[in-house]
Number of protein chains: 2
Amino acid sequence: MIKAGENGNDRSVTQTVRAQLALRDLVLRGELNPGERVSELQMVERLGVSRTPVRMALVRLEEEGLLEAIPSGGFSVKTFSEKEVFEAIEIRGTLEGLAARLAAERGVSRTDLRNAADCLDAIDDVMRRNPADIDLLRYVELNARFHDILIGMADSQALARQLERVNALPFASPSALVPVQSRSPEMNYILSVAQDQHHCVLSAIERREGARAEAIMREHARIAHRNLERALTNQRDMDLVPGSVLIKRRIRA
Amino acid sequence: MIKAGENGNDRSVTQTVRAQLALRDLVLRGELNPGERVSELQMVERLGVSRTPVRMALVRLEEEGLLEAIPSGGFSVKTFSEKEVFEAIEIRGTLEGLAARLAAERGVSRTDLRNAADCLDAIDDVMRRNPADIDLLRYVELNARFHDILIGMADSQALARQLERVNALPFASPSALVPVQSRSPEMNYILSVAQDQHHCVLSAIERREGARAEAIMREHARIAHRNLERALTNQRDMDLVPGSVLIKRRIRA
DNA sequence: ATTGCTGGACCTGTATACATTCTGCATCCG
DNA sequence: CGGATGCAGAATGTATACAGGTCCAGCAAT
């Protein structure tokens, strides 16, 4: 049954993890109809592992928020209303704000500051090097890294855990909605505003200005709100949003 | 094997749920040494169910934050530093603040307002009826209810989920640290301050004063901080803190 | 045509056997 | 005497068989 080379059997990676990754992929790509029940046996067929790891994967994906437990047993693919997506982003902004405040109030090490500053330098570089055709992939990567560094500076395992959970929703993570801008003439403008906020929050943390650091990160998340709003009105941009198939669209005027 | 009446076999309750409840109880009562590995087979013996439901329970308790995954496999009982406990409370305060702000900004239904007001009336009643010997159990219950109503008023499934997660930590939930005051002469004073905050936040929500509502809930959580501080300095009060056995104490001057 | 019932397929919950990996200890070599 | 090494035991990961429960289709009766 185990055919090496077929789907990257590594022996070090458990079947459970493999099933989890594969299932998440199926859900996010919309190959499982939202709202539909996810049958264990069908997944056994489809993923090529036995029921036990499929079961574990289902439980973990429910924990991630991508699946929903059915009262009578089993799981179904979760759907999200537009409202829920906005709220998820708002929650992320609030928690990142808390992280920034904690970092500012407690103070951070010189090396942390250095790492963050280096990361911002790299982003500046990306934006300066080729303003007409920005390397979005690299921007997204660096942006995610900065946010991770920020969370790290708060030095709070509990907070990191909570944020991990919010970011598990594919459309809520810090970099999820950046690509939506790619078809907009305003992209450079928005990106530079966002990057300015990055600089400002780092400066605030350095000066131990907690309230300011918090406010900036909250506002920073609002950029994602704007991008989402754009994607919802321009339907053709929706395919740039990860997990967009899970979003129950409302009729829009 | 299934002995009805021994541990409430209901047939409608799955073995998994039973195992989860029993295991949580074992962890919270400190019958499993913090930091120690939780052996599946030992739990099978101890709980009287097979490995499968035990496994499920372990995964769910990890999700709750009471257990920690060991990289090489299996789980261990998680320990919390004092810092982590404070942070968990801070996170709760922040999220409850967000809930209050959302409720205020969006406006809430008349029936919600009524329910909340009724709950506060009931708390007032408890405090007035017998000031010398307050029925703490009932206070705790009503307090938890008020916080639940508040979360409900935010009308955000995502936020409710996140708060559920924080409150799963036994010492972080709104009512967890209330009993610590029971041995303090200041109890009545602190309870009335807390209750005043309840009234104020409800009034703020009613008037749609979002920023104020948020600030109040954040400050409200700080009462728990104070109670925790008390318990940590007066070791004899620690046994009033649920899950206190999981808290790694530091030497205090 | 509608409603209630019944049979059966399917699905999940549970238990357990098997395979593989990890761990701890004793022993041996440098 | 310290550290590496190999072995035994145990623990987890995985697969699968079995037992109920749920839900739907089809049929019959009204």
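In what follows, every chain begins at residue 1, and chains take the letters A, B, ... in the order their sequences are listed.
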Whichever of A/P53 and B/L41 has its nearest DNA chain D nucleotide further upstream toward 5'
B/L41

Choosing from D/dA11, D/dT14, D/dA17, which nucleotide comes nearest the side chain of B/Q42?
D/dA11

Distance below 4.0 Å between A/S50 side-chain N/O and D/dA15 OP1 or OP2:
yes

Distance in angstrom units between B/E40 CD and C/dA15 P, rounded:
13 Å

Determine, for B/E84 against B/K248, whether the closest basic-nitrogen to carboxylate-oxygen distance falls under 4.0 angstrom.
no

Tell me: CE of B/M56 to P of D/dG13, nearest whole Å?
14 Å

Does a nitrogen or oxygen in the side chain of B/S72 sit under 4.0 Å from OP1 or OP2 of C/dT21?
no

Over how many whole Å does the gap from B/I70 atom CD1 to D/dA11 atom P extend?
12 Å

Which part of the nucleic acid does A/V54 contact within heavy-atom distance under 4.0 Å: base, sugar-phosphate only, or nothing?
nothing

Need to verify one output field. Residue with the more 5' nearest nucleotide on DNA chain D, B/T52 or B/S39?
B/S39

Residue B/T14, side-chain atoms from C-beta onward, closest of D/dT16, C/dG13, D/dT12
C/dG13

Rounded distance (Å) that lies between atom C1' of C/dG13 and atom CD of B/Q20:
15 Å

Quick one: which of C/dT12, D/dA11, C/dC18 gets closest to the side chain of A/R51?
C/dT12

Does D/dA15 have its OP1 or OP2 closer than 4.0 Å to a side-chain nitrogen or oxygen of A/Q15?
yes

Do B/S182 and B/L240 have side chains that get closer than 4.5 Å, going by heavy atoms?
yes

Just how far, in rounded Å, is P of C/dT14 from CZ of B/R18?
8 Å

Hey, does the side chain of B/R55 come within less than 4.0 Å of D/dG13's phosphate (OP1/OP2), counting only N and O?
yes

Starting at atom CE of B/M43, determine the distance to atom P of D/dA10, rounded to an integer number of angstrom.
16 Å

Shortest non-hydrogen contact from A/A231 to A/D237?
CA-CB, 4.1 Å

Just how far, in rounded Å, is P of C/dC11 from CZ of A/R37?
8 Å

Does B/T16 put a side-chain nitrogen or oxygen below 4.0 Å from OP1 or OP2 of C/dT14?
yes

Are side-chain N/O atoms of B/Q162 and B/R165 paired as donor and acceptor at under 3.5 Å?
no

Are a donor atom and an acceptor atom from the side chains of A/E96 and A/H147 found within less than 3.5 Å of each other?
yes

